[in-house]
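Structure, as structure tokens:
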Amino acid sequence: MTDNKAISTDERMRREFNEWAEAGRGEEMEQHHISITQQTLAMMALRPGERVLDLGCGAGWASRLLAKAVSGSEKPGQVIGLDVSDEMIRRARAGSTEYDNLMFVVGSAQQIPWEENFFDKVLSVESFYYYGDQEGALDELFRVMAPKGEFFILINLYKDNAYSLRWVEELKVPLQVRSEQEYIDLLREHAFEDVRAVRIPDLTPTPEEYSGKWFNNAEELRDFKRIGALLLIARKPDLVSPPKGYEVE
Ligand SMILES: C[S@@+](CC[C@H](N)C(=O)[O-])C[C@H]1O[C@@H](n2cnc3c(N)ncnc32)[C@H](O)[C@@H]1O
């Protein structure tokens, strides 16, 4: 029997999401997240030449949309997809061989294997509430984002959407649950500017009959989609972060 207490949260997530990936759930998530992601992409106002991080990229479908959005003949732009699950990353790479401005990296949001002051924009779809140390992840985002860079963190699990709280007991891994206001306070505490929260409804049609396990009927699913995902937007101030290991006097 595996002693879950003896392994790190990252390792638990790696094992759990490797299983999801092997069951084909990485690719499946596109249909569940595409509506809220497309609305978010429109708000990101991506431009050719920008450097973008897809944090918790899974099987990489959103990274590919980002790569298309920042490509251009003069300035190609660059997208990095990062995920703690090596099996998700293997599949993301296999599905993206035609992209020359897209790279996938195995690593944790709490220790982003990238240099300081690099990314103009960050997208994270349905991943942030899995991070055992959300504060550490925010510090890392701050470090790797370019001065005035912006992030767009999209989550369906938050206190103000009661339906989503049903997942907390059911999923096999620990989840972080905060309200919209608690997230806003947290982002401000981590020195981000222009902090905003927007609700993004899922605009896909709901079937008349619901037979899955998360909702009692189609009406509940419709209500969940109407309440929508929470999109957290914030900007890094116009300052240059020092490399890791150096402290500003
Ligand atoms: C629900 S999936 C969403 C994947 C993808 N963004 C999508 O929408 O299809 C959550 C993803 O977050 C990743 N994840 C969980 N904890 C992580 C961490 N600490 N650092 C990086 N990725 C993490 C998982 O491996 C998984 O691929």
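Hydrogens, waters and symmetry mates are skipped; everything else that's a heavy atom, side chains included, is used. Whatever order the structure lists them in is the order used to number ligands and atoms, beginning at 1.
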Salt bridge check, R199 against E180: does any charged N sit closer than 4.0 Å to a carboxylate O? yes

Would you kindly say whether S96 and R64 are connected by a side-chain donor-acceptor distance under 3.5 Å? yes

Taking NZ, NE, NH1 and NH2 as the nitrogens, is one of them in K121 or E50 under 4.0 Å from a carboxylate oxygen of the other? yes

Salt bridge flag under 4.0 Å for residues E116 and R143: yes

Output all residues satisfying ring pair (Phe, Tyr, Trp, His ring centres under 6.0 Å) with Y130, sequence neighbours left out; order by chain, then residue number. F17

Show me a pair-per-line table, with atom names and distances to 0.1 Å, of protein N or O atoms that are under 3.5 Å from an N or O of ligand 1.
unit_1   : atom_1 : unit_2 : atom_2 : d
ligand 1 : 6 (N)  : G56    : O      : 2.7
ligand 1 : 6 (N)  : V125   : O      : 2.9
ligand 1 : 8 (O)  : H33    : ND1    : 2.7
ligand 1 : 9 (O)  : W61    : NE1    : 2.8
ligand 1 : 12 (O) : S127   : OG     : 2.8
ligand 1 : 19 (N) : D10    : OD1    : 3.3
ligand 1 : 19 (N) : S108   : OG     : 3.4
ligand 1 : 20 (N) : A109   : N      : 2.9
ligand 1 : 22 (N) : V84    : N      : 3.3
ligand 1 : 25 (O) : D83    : OD1    : 2.5
ligand 1 : 27 (O) : D83    : OD1    : 3.3
ligand 1 : 27 (O) : D83    : OD2    : 2.7

Is the shortest distance from a Lys or Arg side-chain nitrogen in E182 or K159 to a carboxylate oxygen in the other one below 4.0 Å? yes

